[in-house]
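Residue numbers run from 1 in the order of the sequence given. It should be emphasised that the depicted structure is a prediction, and the values quoted were computed from it without experimental measurement. We use all heavy atoms of the structure for the numbers below, so side chains are in, but hydrogens, waters and symmetry mates are not.
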Amino acid sequence: MAAISRADAVWEGDLTSGRGGTSPEELIAAAHAACYSMAFSNGLAKAGHHPERLNTTAEVEFVPGKGIVSSTITVRGHIHGIDAAAFQKLAEEAKDGCPVSQALKGNVQLNLKAELDHTH
């Protein structure tokens, strides 16, 4: 079943002196972080792991005259019973498979920094 999401925006004034809330880059970063976390947790579960916590940040780089050039995902995961190699493999698969990554692929550079948290 298809899901349709909606967002509305209001902008007042011109580009440099106007206002209207958050930037498109911040919204893309938020969408990418959320999408990635969901895709990664799903991949971990399908591989038999039970993620306790994923802390994900996405940084979208905007270059004037070029537009959005990259999105860098940083994730720190707290998952019992997984080794670093399996964690990295599943992290990469989530980066490539999340729907927001798919929408950005070919248009921006996608980067990933994944770290397994071994603390209790």
Side-chain angles (χ1 to χ4, degrees):
M1 179 176 191
I4 298 173
S5 298
R6 175 186 162 155
D8 297 308
V10 174
W11 188 264
E12 297 174 351
D14 63 19
L15 177 61
T16 56
S17 65
R19 59 190 168 97
T22 190
S23 73
E25 296 80 20
E26 288 172 334
L27 294 171
I28 290 171
H32 205 188
C35 180
Y36 178 83
S37 291
M38 294 168 71
F40 194 16
S41 68
N42 186 48
L44 286 161
K46 284 184 174 181
H49 303 287
H50 302 285
E52 187 173 317
R53 182 179 55 255
L54 296 173
N55 293 336
T56 307
T57 303
E59 295 176 307
V60 170
E61 181 183 8
F62 176 83
V63 176
K66 290 187 178 182
I68 296 171
V69 297
S70 71
S71 183
T72 300
I73 297 168
T74 302
V75 62
R76 184 176 178 95
H78 189 75
I79 298 103
H80 293 288
I82 190 171
D83 63 34
F87 179 82
Q88 289 294 328
K89 177 182 179 289
L90 292 168
E92 283 290 335
E93 289 175 3
K95 179 194 79 168
D96 295 335
C98 117
V100 173
S101 290
Q102 291 293 318
L104 296 173
K105 192 181 216 174
N107 296 308
V108 303
Q109 181 178 341
L110 300 177
N111 305 306
L112 175 65
K113 299 173 189 173
E115 182 179 341
L116 182 58
D117 183 359
H118 294 287
T119 62
H120 293 96

Single-linkage hydrophobic cluster, 4.5 Å side-chain cutoff, [X] and [Y] together:
X: Ile82; Y: Val75; result: yes
X: Ile73; Y: Met38; result: no
X: Leu44; Y: Leu112; result: yes
X: Leu27; Y: Ile68; result: no
X: Phe40; Y: Leu104; result: no

Quiz item: Backbone N or O of Thr57 within a donor-acceptor pair of the Thr74 side chain at under 3.5 Å?
Solution: no
Rounded to the nearest 0.5 Å, how far apart are [atom1] of [X] and [atom2] of [Y]?
X: Glu93; Y: Gln88; atom1: CD; atom2: CD; result: 12.0 Å
X: Asn55; Y: Glu115; atom1: CG; atom2: CD; result: 10.5 Å
X: Ser41; Y: Lys46; atom1: OG; atom2: NZ; result: 10.5 Å

Non-hydrogen side-chain atoms of [X] and [Y] separated by less than 4.5 Å:
X: Ser71; Y: Ile28; value: no
X: Leu110; Y: His32; value: yes
X: Glu59; Y: Ser70; value: no
X: Asp83; Y: Leu116; value: no

Practice problem: Classify the angle between the aromatic ring planes of His80 and His78 as parallel (below 30°), tilted (30 to 60°) or perpendicular (above 60°). | Solution: perpendicular
Quiz prompt | Which atom of Ile79 lies closest to which atom of Pro51, heavy atoms considered | solution = CG1-CA, 3.5 Å
Quiz item: Crowded around Glu25 CD? As in, over 12 foreign heavy atoms under 6.0 Å?
Solution: yes
